[in-house]
Amino acid sequence: MTEAIKNYEDVDSWKTVIFLYNSALKEVGTKLEILNDEFQHVHRYNPIEHIKTRIKTPESIVKKLKRQGHETSIENMLKYVNDIAGVRLICSFTSDIYRLGEMIGNQSDLKILEIKDYIKNPKESGYKSYHMLVSVPIFLSDSVVDTKVEIQIRTIAMDFWASLEHKIYYKFEGDAPDYISQDLRECARMVSELDDKMLSLNDAIKAHLEQQERDERGMDSSEDSRKNENIMGYILGN
């Protein structure tokens, strides 16, 4: 991306960076919508409830660089801050998360740079999410620029907890009292149990509907057999 910025020396570097990251978000967002539509077409089910996108604010980027001990510069921003462009996918069930992760990984023009599974390995705070850092090619008039996008995949319950946790810690500027942190971890445990329960309930519903469909097919088959027997009996009787 640094080379692409040099090609626009007469344009503000920050604006060029934001242009490229916004373009990457459009590319990834379109891919995700197509995958969701395809899943609906084939399986009559949408794994994605919501898609949220955002560009990290300059203030957040500067804070992150300082936390990591780096000087504030465009070069360091591109090198060390991986979540400038972010996409968040909100799913109904934890099984959807890994299904979507696999579908995204199968995209030939997306390069998977890193995966962090905070569902199997939650953070100490109780935070759960599935993070994928991908590189997407942006085709410009005279070049192709590989641009990083972070994709976070969560259930509705995980996103609810993470959003409130972020707001609470923001009020304490990252230094919340111990009892607040303990209560948040307890809430994270309850959210995890809720996700497990809802997944089990969904699996039970699917199993019931599949059995009901098999039973109905069996009844139709029996009815067809009886009709055939009656027809044969009529033919033989005449």
Side-chain angles (χ1 to χ4, degrees), residues 1 4 14-41 43 45-61 63-65 77-123 125 127-140 144-167 170 191 195:
M1 185 183 282
W14 172 255
K15 289 181 180 179
T16 300
V17 168
I18 295 306
F19 157 70
L20 291 170
Y21 279 117
N22 270 318
S23 300
L25 285 181
K26 290 178 182 177
E27 288 281 349
V28 173
T30 300
K31 286 181 176 297
L32 294 172
E33 289 176 2
I34 291 172
L35 287 175
N36 201 39
D37 290 345
E38 179 199 12
F39 210 86
Q40 170 66 31
H41 174 66
H43 302 287
Y45 170 68
N46 294 99
I48 301 174
E49 292 283 345
H50 306 289
I51 299 177
K52 301 177 182 178
T53 62
R54 66 104 181 93
I55 296 289
K56 212 172 185 67
T57 63
E59 294 79 12
S60 296
I61 294 171
K63 284 182 180 179
K64 191 158 191 175
L65 284 172
M77 175 179 120
L78 300 177
K79 185 176 181 180
Y80 297 112
V81 184
N82 291 326
D83 60 344
I84 295 174
V87 178
R88 186 173 301 156
L89 305 182
I90 312 302
C91 308
S92 297
F93 308 103
T94 50
S95 58
D96 294 332
I97 293 175
Y98 293 103
R99 185 179 296 161
L100 281 168
E102 183 179 0
M103 291 164 66
I104 293 168
N106 288 335
Q107 297 292 296
S108 61
D109 56 347
L110 286 183
K111 182 179 179 182
I112 307 300
L113 302 177
E114 186 179 38
I115 291 177
K116 293 182 179 179
D117 190 341
Y118 295 117
I119 298 173
K120 293 179 180 176
N121 302 290
K123 291 186 178 182
S125 64
Y127 174 85
K128 283 188 171 186
S129 187
Y130 189 82
H131 291 194
M132 303 178 73
L133 180 62
V134 304
S135 176
V136 56
I138 304 301
F139 293 86
L140 302 176
V144 179
V145 183
D146 291 323
T147 307
K148 291 183 288 188
V149 175
E150 183 187 65
I151 302 174
Q152 299 178 355
I153 315 177
R154 306 172 181 170
T155 63
I156 298 171
M158 290 176 194
D159 190 58
F160 167 75
W161 182 92
S163 297
L164 292 185
E165 187 254 6
H166 177 76
K167 289 178 181 178
Y170 182 81
V191 163
D195 267 335

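In this structure, Leu25 and Gly86 approach most closely via the heavy-atom pair CD2-O, 3.6 Å. Val149 and Ala24 get closest at one heavy-atom pair: CG2-CB, 3.6 Å. Closest heavy-atom contact between Ser135 and Leu113: CB-CD1, 4.0 Å. When all heavy atoms are compared, the tightest approach of Trp14 to Pro58 is CZ2-CG, 3.5 Å. Listed here is the closest heavy atom pair of Asn82 and Leu133: O-CD1, 3.4 Å. Nearest heavy atom pair, residue Gly101 against residue Met132, reads O-CE, 3.6 Å.
Between Arg154 and Tyr127, the side chains place a donor N or O and an acceptor N or O closer than 3.5 Å (distance only, hydrogens not considered).
Distance alone, capped at 3.5 Å, is enough to place a donor-acceptor pair between the Arg54 side chain and the Ile84 backbone. Within the 3.5 Å criterion, the main-chain N or O of Cys91 finds no donor-acceptor partner in the side chain of Asp96. Under the 3.5 Å distance criterion, the side-chain polar atoms of Asp117 are matched with a main-chain donor or acceptor of Ile119. Not a single donor-acceptor pair under 3.5 Å links the side chain of Lys64 to the backbone N or O of Met77.
Shown here are the ring pair (Phe, Tyr, Trp, His ring centres under 6.0 Å) partners of Phe93, two or more places apart in sequence or in another chain: there are none. In this view, Tyr80 and His70 satisfy the ring pair (Phe, Tyr, Trp, His ring centres under 6.0 Å) rule, not counting sequence neighbours.
Side-chain contact between Leu100 and Leu35 is absent, with no heavy atoms from C-beta onward closer than 4.5 Å. Side-chain contact between Ile104 and Leu89 is present, with at least one heavy-atom pair separated by less than 4.5 Å. Within the 4.5 Å cutoff, the side chain of Val136 has no heavy atoms near those of the Gln107 side chain. Side-chain contact between Asn36 and Ile51: absent, with no pair of heavy atoms (C-beta onward) separated by less than 4.5 Å. Between Lys120 and Tyr98, some side-chain heavy-atom pair lies under the 4.5 Å cut-off.
Counted within 6.0 Å of NE2 on His43, heavy atoms from surrounding residues, nucleotides or ligands total more than 12; the atom is thus considered enclosed. Atom CZ of Phe39 is surrounded by more than 12 heavy atoms from other residues, nucleotides or ligands within 6.0 Å.
Annotation: salt bridge (charged side-chain N to carboxylate O under 4.0 Å, His left out) contacts involving residues 101-113, sequence neighbours excluded, comprise Lys31-Asp109.
Note: Arg88 CZ to Ile151 CD1 = 13.0 Å, rounded to the nearest 0.5 Å. To the nearest 0.5 angstrom, Lys26 atom NZ is 10.0 Å from Ile138 atom CD1. To the nearest 0.5 Å, the span separating NZ on Lys116 from CG on Asn121 amounts to 12.0 Å. A distance of 14.0 Å separates CE in Met158 from OH in Tyr118, rounded to the nearest 0.5 Å. With values rounded to the nearest 0.5 angstrom, Leu32 atom CG is found 9.0 Å from Met103 atom CE. Between atom CG of residue Asp146 and atom CG of residue Leu110 there is a gap of 10.5 Å, rounded to the nearest 0.5 Å.
A salt bridge links Asp159 and Lys52; the closest N-O separation between the charged side-chain nitrogens and carboxylate oxygens is under 4.0 Å.
Judged by the 6.0 Å and 45° rule, Lys56 forms no cation-pi pair with Tyr21.
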